[in-house]
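Here's the structure, in structure tokens; my notes come after.
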Number of protein chains: 2
Amino acid sequence: MLRAMARVSTRDEILRVAAEQFAHFGYKGTSLQDIAAEVGCSKATLLYHFAGKDAILAELTAPAARELADLVARLAPLDDTAVQAAAIEGFVDLVLRHRREAKVIYGGIPQFLQEPAFAGLLPLTDALCAAFAGRSTEPAACIAAEVVLSGIVTVVIDEEREAAELRAALVGVARRALLTRPDDKD
Amino acid sequence: MLRAMARVSTRDEILRVAAEQFAHFGYKGTSLQDIAAEVGCSKATLLYHFAGKDAILAELTAPAARELADLVARLAPLDDTAVQAAAIEGFVDLVLRHRREAKVIYGGIPQFLQEPAFAGLLPLTDALCAAFAGRSTEPAACIAAEVVLSGIVTVVIDEEREAAELRAALVGVARRALLTRPDDKD
DNA sequence: GTCTATAACGAGATAGAC
DNA sequence: GTCTATCTCGTTATAGAC
């Protein structure tokens, strides 16, 4: 039971550093050189552990993408009134579990990478957005959902605050922003 | 009075296309090749009209950045209760006047460009964020302000809807999200 | 598993003809 | 003003020693 060391493995360290830099500077804005320098190894070592830069990205985002698919599946059977609250809490928790990856998955990526690993993401974010809007097709509700969704993923990477405080604040702002009926005690 | 033609000038067309592509794919994610192809000219023509890629970016963002500075200056003398409402309407209007540029200015840029043209932007967005929070230093208020601010700029570039409808929806969601006191009739 | 060296490619930018 | 051709540099990726 001594597996939780500071330095697990070079491979995991590469993933950690890459996630951080992709989120901060974007996929294109981050070079293998940058990642290698931060990890403390050479570019060649990166490419020994991963087939290429895109493979790092794919492996990085896979767990969060899978959890997003799970969340969307869990939301599907809920009725229009319950789906919004469940979407907010489920997504905030997901994003807090994957702070760095969230921004990479939600923003930026789909435009310049059509790999199978990312092809399924757009429908998922669309479904999540609809859930945030309480399945309303009102323009105001859709726009509000988009604002909240993109706002959350953008903010969470740069915020230093602890998870519990951040969670409460994000759930709170999402509820208020998406409020169409008076059901909360905040 | 016949200046409003479809094709004003190559120079303006370059600015228009660059703004669009920077917003969609990011500054680093857009090559001069990409811009030239969309404009229908060569890379050399781009560099005849502008000193370099960064000069395109600087000229592109200058008007919106100046307006942002003006807005922050207008907000400064307002008291804590009035500043929030003024910030919301002022910023939404600003963003709608500069849909494409807004995302470029608010996100992404500061990390990889420390030129004088952009050095002053971070303090401005910080001041705007404080205004959104009603100058509160409560974590919840600050986080809410960040969510709304980043959400607005992210959403506005991809939204197809007309300005009036978009404006009403954005102001509405911002007011609800930042609501700390009951003063609105929405 | 990690390194140095280098190949292969694409990017921003320049030169000079038209 | 716009082009083709070219230069230079940074990037991804490979080869081969240790």
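Within every chain, numbering begins at 1; the chains are lettered A, B, ... in the order of the sequence lines, protein sequences first and strands thereafter.
For A:Asp54 and D:dT11, the CG to P distance is 17 Å, given to the nearest whole Å. The NZ-C1' distance, from A:Lys28 to D:dT12, rounds to 12 Å in whole Å. Protein atom CG of B:Leu46 is 14 Å distant from nucleotide atom P of D:dT4, rounded to whole Å. As rounded to whole Å, 14 Å separates atom C1' of D:dT6 from atom CG of B:Leu47. A:Glu13 places its CD atom 16 Å from the P atom of C:dG1, with the value rounded to the nearest Å. Between the CZ atom of A:Phe25 and the P atom of D:dT11 there is a distance of 13 Å, given to the nearest Å. Across the protein-nucleic acid pair, A:Leu57 atom CG and D:dT12 atom C1' stand 15 Å apart, rounded to whole Å.
A sub-4.0 Å separation between OP1 or OP2 of D:dT2 and a side-chain N or O of B:Thr10 is present.
Expressed to the nearest 0.5 Å, how far CZ of B:Phe50 lies from CG of B:Leu60 amounts to 8.5 Å. Atoms OG and CG, from A:Ser150 and B:Asp158 in turn, are 9.0 Å apart once rounded to the nearest 0.5 Å. For the atom pair CD of A:Glu146 and CG of A:Asp126, the computed distance is 9.0 Å after rounding to the nearest 0.5 Å.
Judged by distance alone, the side chain of B:Thr30 and the main-chain N or O of B:Gln21 form a donor-acceptor pair under 3.5 Å. Between the side chain of B:Asp34 and the main chain of B:Ser31, a donor-acceptor pair closer than 3.5 Å is present. Side-chain N or O atoms of A:Lys53 include one that pairs as donor or acceptor with a backbone N or O of A:Tyr27 at under 3.5 Å.
A salt bridge links A:Glu89 and A:Arg175; the closest N-O separation between the charged side-chain nitrogens and carboxylate oxygens is under 4.0 Å. Here B:Arg74 does not pair with B:Glu67 in a salt bridge; the nearest charged N to carboxylate O distance is not below 4.0 Å.
The side chain to side chain donor-acceptor pair (under 3.5 Å) analysis of residues 129-144 of chain A, with sequence neighbours excluded, yields the pairs A:Asp80-A:Arg135.
Taken residue by residue, residues 30-38 of chain B places no heavy atom nearer than 4.0 Å to DNA chain D.
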Within the sub-3.5 Å range, which N or O atoms of nucleotides 3-5 of chain C have a protein N or O partner, and how far apart are they?
| from | atom 1 | to | atom 2 | distance (Å) |
| --- | --- | --- | --- | --- |
| C:dC3 | OP2 | A:Ser42 | N | 2.7 |
| C:dC3 | OP2 | A:Ser42 | OG | 3.0 |
| C:dC3 | OP2 | A:Thr45 | OG1 | 2.4 |

